[in-house]
Protein chains: 2
Amino acid sequence: MPKIGAEPIRKAALINATIFEVGRAGSLDVTVAQIARRAGMSPALAHHYFGSKDQMFLAAMRYILRNYGRSVADRLPGHGKRGRLDAIVQASFAPQNFQRETVSAWINFYALALINPEAGRLLRVYHCRLRSNLMVALRPLAADPARIAETLGALIDGVYLRAVLTPGGIHAAVAEKLVFDYLDEALS
Amino acid sequence: MPKIGAEPIRKAALINATIFEVGRAGSLDVTVAQIARRAGMSPALAHHYFGSKDQMFLAAMRYILRNYGRSVADRLPGHGKRGRLDAIVQASFAPQNFQRETVSAWINFYALALINPEAGRLLRVYHCRLRSNLMVALRPLAADPARIAETLGALIDGVYLRAVLTPGGIHAAVAEKLVFDYLDEALS
DNA sequence: TAACTTTAATTGACTGACCAATCAAGAACA
DNA sequence: TGTTCTTGATTGGTCAGTCAATTAAAGTTA
């Protein structure tokens, strides 16, 4: 056997580099060469491992979505009556989901989801899981959990969007408070 | 004088074609040649009138923002206590702002705002005007107009985002109802 | 242990295609 | 005639993806 075990390390490095470069450029218009250089290898090696640029973007998107899912799961079931709900919202505004690179990657992956069916499918899975989680959390608390779940999901996305577009960037705490204030109102 | 009056016609055609092509492709990755062909002219003429591809995108963004502003103004002051507020929300979900091409153009212009300072400036103007309009409308109705204006703005954006990302697309009416239900709650 | 084999890892160089922007020249109209 | 309108042709540059060749680790054999 030859030198083994490089593949997972290289792939992880490329995924990190992809997110970093997309975040830095604020656009999917980054070259494979840029990403590969950032990850410390040649462009040819990036192609060797991922086959195509699209596959690299999709792998990066999967990584971000998996991270988000994990960060929600880690906080469940939470404490108290509203534990599940608080956990989900807090996870959505966790620092790592709120760094400039990640949020910038998110908005650009949203754009990717418009044109790449596989990316669209991934995003739909995320939306469904979020809605489902919110429904479970809301059912014991509200008369119309479906409506609140829908509103809450949109609100979280909207706050995200504004966070990355506001010049100084709004703080995670401010964004989170906005959402919690809505929840207090909706559940009262 | 020579053959005159072509400029405004050509520019309008190019702006329409830009929005159409960006919406169709779901991405800013459209070539000047595509846009020009759609507008019925040569790529060279597009450059002649706009100077660069970026300027074409910015002109298209200005056009969309101007349209939105006009559609709000047309509905003001509205009727009744909540007239101003209803007018703004209804304008945000007016059919023309909700067509696939327009919404797709919006999300991509959002992405553009991340990397193009001029685009960012335009978007900030839109955000400020929206917030200001909402404040005026909310001051007589709510104790904390600033918070509700912020939430409402984010909610509108979030609903927009989901509208274009949902496979079948949610109907404008459903989106609008979501926002109005929130308002009813917040103002009660 | 030394020589040999096998195979993953890795890259430099290249290709084929595409594209934004320019320019000089022609067409149309007043 | 003079001005605007219009385009074909060109240029300089970029980039995704390919390929042949090299390197080095791990096992194999004698």
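These numbers come from a predicted model, not from an experiment. A, B, ... follow the sequence lines: proteins, then strands. Residue 1 opens every chain.
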Footprint string (nucleotides 19-24 of chain C, 5' to 3'): B base within contact, S backbone only, - free, heavy atoms under 4.0 Å: SSBBB-

Phosphate-side-chain proximity, Arg10(A) and dT10(C), N/O vs OP1/OP2 below 4.0 Å: yes

Pairwise side-chain hydrogen bond (donor to acceptor under 3.5 Å, both in side chains) hits with a residue in residues 129-145 of chain B, at least two apart: Arg131(B)-Glu150(B), Asp144(B)-Arg147(B)

Carboxylate-amine/guanidinium proximity below 4.0 Å for Arg24(A) and Glu21(A): yes

Of residues 12-29 of chain B, the positions that come close to DNA chain D - non-hydrogen atoms, cut-off under 4.0 Å: none

Pairs where residues 119-128 of chain B contributes a residue and the test side-chain hydrogen bond (donor to acceptor under 3.5 Å, both in side chains) is met, not counting sequence neighbours: Glu118(B)-Arg121(B)

Separation of dA27(C) C1' from Met41(B) CE (nearest whole Å): 17 Å

Sugar-phosphate, base or nothing in reach of Tyr49(B), heavy atoms under 4.0 Å: sugar-phosphate

Which donor-acceptor pairs under 3.5 Å do side chains of residues 68-76 of chain B form with protein atoms, sequence neighbours excluded?
residue, atom, partner, partner atom, Å
Tyr68(B), OH, Ser92(B), OG, 3.1
Arg75(B), NE, Ser71(B), O, 3.1

Whole-Å gap separating C1' (dC18(C)) and CZ (Arg37(B)): 13 Å

Backbone N/O of Glu185(A) and side chain of Ser188(A): donor-acceptor pair under 3.5 Å: yes

Summary of side-chain hydrogen bond (donor to acceptor under 3.5 Å, both in side chains) pairs that have at least one residue in residues 44-62 of chain A, sequence neighbours excluded: Asp54(A)-Asn116(A)

Aromatic ring pairing Phe109(B)/Phe57(B), orientation class (parallel under 30°, perpendicular over 60°, tilted between): perpendicular

Rounded distance (Å) that lies between atom C1' of dA13(C) and atom CG of Leu45(A): 16 Å

Expected output: side-chain Asn97(B) to main-chain Phe93(B) donor-acceptor under 3.5 Å: no

